[in-house]
Amino acid sequence: SGNPPPPPAEKYEYQAEVSRLMDLIVNSLYSNKDVFLRELISNASDALDKLRYLSVTDSQLLKEAVDLDIRIQTDKDNGIITITDSGIGMTRQELVDCLGTIAQSGTAKFLKAVKESKDAGTDNNLIGQFGVGFYSAFLVSDKVVVSTKSPKSDKQYVWEGEANASSYTIREETNPENLIPRGTRLTLYLKRDDKGFAHPERIQKLVKNYSQFVSFPIYTWQEKGITKEVEVDEDPAEA
Ligand SMILES: COC(=O)c1c(O)cc(O)c(Cl)c1CCC(=O)Nc1cc(O)c(OC)cc1O
């Protein structure tokens, strides 16, 4: 017989503050939903920064020898966006700590700030300021899958959450096709009304807009092959 079956997915309840936060976001308090891409590119960039910084004292972290970059793939027929980075990734516990809970302090302040800004009618983007950028994925997605591999663990884990759900699941990644050497891959299953975000030209426009301060190359994938979005003063001869 083959390998033993993988352990079943484990179900976790969100911390109450996370549920409140997600309700707020899912009810799309934010008129310009574009911010989801800025937040997710920012998270990917932070994870790459973390890896680069830690690798200065621990070169083992780079043993998977993959380039430090961000790849954004769009599937416009099925309304799916995939954002993959080769950053530090997360262990199972970090998945629970990072995506299932948020620091209480930040949340209370965030919720208060949003309420005030809502009352004040000024719809500014508070999401990024409180480290809750991940949940902005639910501005445009019914379901989000986060597959992540940290150099600190020998397994890759998959977090799965849906909008308006009170719980999420975490399981081991066992499908060889889905394995990544290191980093995090987010798969966004876009809402019916937001499938337009999966059009390559729309993503490319948003990436150009948000990638100005990102010090890693961002590639967007489309039918015709890979287009390198961020021209890092490339020598024309190499182009
Ligand atoms: C380490 O960050 C990631 O793996 C990562 C990524 O590469 C891309 C992403 O879109 C997201 Cl959402 C993540 C996770 C970011 C995150 O929430 N990190 C994080 C948050 C915490 O509250 C924390 O506290 C222990 C630790 C974290 O790494």
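What you see is a predicted model; the values in this text were computed from it and never measured. For the numbers below, each heavy atom of this structure counts, side chains included, while hydrogens, waters and symmetry mates do not. In each ligand, atom 1 is the first atom listed, and ligand 1 is the first ligand listed.
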Distance-only N or O hit between ligand 1 and T148, under 3.5 Å = no
Numbered in order shown, the ligand 1 atoms found under 4.0 Å of a heavy atom of L186 are 9 (C), 10 (O)
Sorted by chain and residue number, the side-chain hydrogen bond (donor to acceptor under 3.5 Å, both in side chains) partners of D49 (sequence neighbours excluded) come out as R52
Ligand 1 atoms nearer than 4.0 angstrom to some heavy atom of I88 are 1 (C)
Atoms of ligand 1 under 4.0 Å from any heavy atom of D85, numbered from 1 in the order shown, are 6 (C), 7 (O), 8 (C)
Checking heavy-atom distances from atom 11 (C) of ligand 1 to each of L40, D49, N43, the winner is N43
Atom 25 (C) of ligand 1: of V144, D97, T84, the nearest heavy atom sits on D97
Whether Q73 side chain and I83 backbone form a donor-acceptor pair below 3.5 Å
no
Notebook entry, point to check: For ligand 1, is G87 a contact, meaning one of its heavy atoms is under 4.0 Å away?
Noted result: no
Is there a donor-acceptor pair under 3.5 Å between the side chain of K149 and the backbone N or O of S153?
yes
The side-chain hydrogen bond (donor to acceptor under 3.5 Å, both in side chains) partner of T184 among N43, D85, T148, T84 is T148
M90 heavy atoms within 4.0 Å reach ligand 1 at atoms 1 (C), 3 (C), 4 (O), 13 (C), 14 (C)
field: Contact check, E39 vs ligand 1, heavy-atom distance below 4.0 Å
entry: no
Sorted by chain and number, sequence neighbours left out, side-chain hydrogen bond (donor to acceptor under 3.5 Å, both in side chains) with S86 holds for none
Query raised in the report: Taking NZ, NE, NH1 and NH2 as the nitrogens, is one of them in E201 or K76 under 4.0 Å from a carboxylate oxygen of the other?
Result: no
Any heavy atom of K50 under 4.0 Å from ligand 1? The part involved is side chain
Ligand 1 to F134, heavy atom cutoff 4.0 Å, flagged ligand atoms 12 (Cl)
Report the relative orientation of the aromatic rings in Y14 and Y168; use parallel for angles under 30°, tilted for 30 to 60°, perpendicular for over 60°.
tilted
Judged by heavy atoms only, the candidate from C98, S45, G89 nearest atom 20 (C) of ligand 1 is C98
Q) Between T82 and R185, is a side-chain contact (heavy atoms from CB on, under 4.5 Å) present by the stated rule, with each step listed? A) CA-CA 7 Å; T82 309; R185 179 183 63 228; 3.4 Å; yes
